[in-house]
Amino acid sequence: MPATNPSLASPEPRLTLKGQLEDLARVWPWVQALTARYSVPADTQFAIQLCLEEALSNIVRHGYGGQPDQSITVECAPAAAELVFTVEDNAPPFDPFAAVPPAAPTTIQELEPGGQGIRLMQKFASRHDYQQLPGGNRLTLTFAIPPLAIP
Amino acid sequence: MQMSSEEMPGGITRVALDGRMDIAGAAAVDMKMNLIAGTAKKLLIDLQKVEFLGSMGLRSIVIPARAVNSRGGKVVLFAPNEMVESVLKTAGIDTLIPVCHDLDAAIAVLG
């Protein structure tokens with residue numbers, strides 16, 4: 001079932017976040033509002049939130065390394081049958097999809113907490129792309145959705 | 001994010017999570033989860049009411065599971081919904097921590 005929340009019916013297409021984990025709590029209400037507007041199924045809402053949380057928390061924890069004065073922008077653009085989320089930061093260049101994925105653990109003790117995030121984005125986003133910017137990074141995450149009835 | 005725990009027959013500690021295991025949800029339960037994992041020998045993590053599981057939420061499961069395992073204990077994950085189970089599988093966790101949808105099976109895994 002798509003999310004419905006009339007109070008969030010007209011979300012801004014762009015969200016600016018501070019470089020701190022606490023501010024990422026603003027992402028879910030924003031995603032709820034967007035996905036309600038475009039009648040996105042619950043499973044796809046889940047996938048969007050999963051991938052954005054991973055991408056954004058990586059930037060905050062590793063890219064900015066605890067510099068809360070830095071910002072991140074997330075923009076959502078609807079296309080014919082997909083939602084395209086673009087995440088931009090001012091962190092040092094880092095292509096998450098070029099990193100060598102960690103070897104699959106064979107015991108619980110080898111499980112690295114938080115070491116599976118890239119794999120999650122690769123699985124749950126329909127497409128992903130990385131672009132290095134002058135002084136930053138752009139990550140594009142695309143999710144297939146039912147053909148749009150764009151309001 | 002809500003969390004409750006109960007002692008079951010057979011020395012099993014059942015921890016029930018309820019809500020979204022996102023960044024805020026994980027932060028809300030981390031300390032309590034780790035406290036329980038510090039003493040539990042047989043830990044059943046009940047995921048029936050978990051609506052969302054992100055990578056920070058995975059940490060909140062993996063760290064206590066490692067703690068219990070390192071003391072020779074056992075952990076089982078119980079009744080995740082389809083998307084939550086998909087996250088567990090993608091992360092490769094289901095091959096290391098058993099996932100059960102039947103309570104009797106989960107109890108049997110914990111021995």
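In this text the structure is predicted, and so the values were computed from the model without any measurement. The chains referred to below are lettered A, B, ... by the order of the sequence lines, with proteins before strands, and numbering in each begins at 1.
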Which heavy atom of A:Gln109 sits nearest to which heavy atom of B:Arg66, and what is that distance? NE2-O, 2.9 Å
Go through the steps to decide whether B:Leu58 and A:Leu120 satisfy the test side-chain contact (heavy atoms from CB on, under 4.5 Å), and finish with yes or no. CA-CA 11 Å; B:Leu58 279 175; A:Leu120 293 174; 4.0 Å; yes
Per-residue contact mode, B:Glu51 against chain A (heavy atom under 4.5 angstrom): backbone
Are B:Val76 and B:Val87 linked, directly or through intermediate hydrophobic residues, by side-chain heavy-atom contacts shorter than 4.5 Å (ILVMFWY only)? no
Given heavy-atom pairs under 4.5 angstrom as the criterion, report whether the side chain, backbone, both or neither of B:Ser86 touches chain A. both
Between B:Ala24, B:Ser60, B:Ser70, which residue shows the highest count of heavy-atom pairs closer than 4.5 Å to chain A? B:Ser70
What heavy-atom pair brings B:Asp22 and A:Glu53 nearest, and what distance separates the two atoms? CB-OE1, 3.1 Å
For A:Gln122, is it the side chain, the backbone, both, or neither that has a heavy atom closer than 4.5 Å to a heavy atom of chain B? neither
So do A:Leu50 and B:Met83 actually touch side chain to side chain, heavy atoms under 4.5 Å? no
Check for me, please, whether A:Trp30 and A:Val84 land in the same ILVMFWY cluster - side-chain distances under 4.5 Å, paths through other members count. no
Report which part of B:Val75 has an atom under 4.5 Å of a heavy atom belonging to chain A: side chain, backbone, both, or neither. neither
Could you report the tightest heavy-atom contact between B:Thr90 and A:Arg119, atom names first, then the distance? O-CD, 3.1 Å
For A:Gln67, does the CD atom have more than 12 heavy-atom neighbours from other residues, nucleotides or ligands under 6.0 Å away? yes
Does CD belonging to B:Glu7 count more than 12 external heavy atoms closer than 6.0 Å? yes
Treating Ile, Leu, Val, Met, Phe, Trp and Tyr as nodes and any side-chain heavy-atom pair under 4.5 angstrom as an edge, say whether A:Leu24 and A:Phe94 lie in one connected cluster. no
Are more than 12 heavy atoms, taken from residues, nucleotides or ligands other than A:Arg127, located less than 6.0 Å from that residue's CZ atom? no
Of the non-hydrogen atoms in A:Ile108 and B:Asn69, which two are nearest, and what is the gap between them? CD1-ND2, 3.8 Å
If hydrophobic clusters are built by linking Ile, Leu, Val, Met, Phe, Trp and Tyr wherever their side-chain heavy atoms come under 4.5 Å apart, do A:Tyr64 and A:Leu15 end up in the same one? yes
Mind telling me whether A:Phe46 and B:Phe52 have parallel, tilted or perpendicular rings, with 30° and 60° as the class edges? tilted
B:Gln2, CD: over 12 other non-hydrogen atoms inside 6.0 angstrom: no
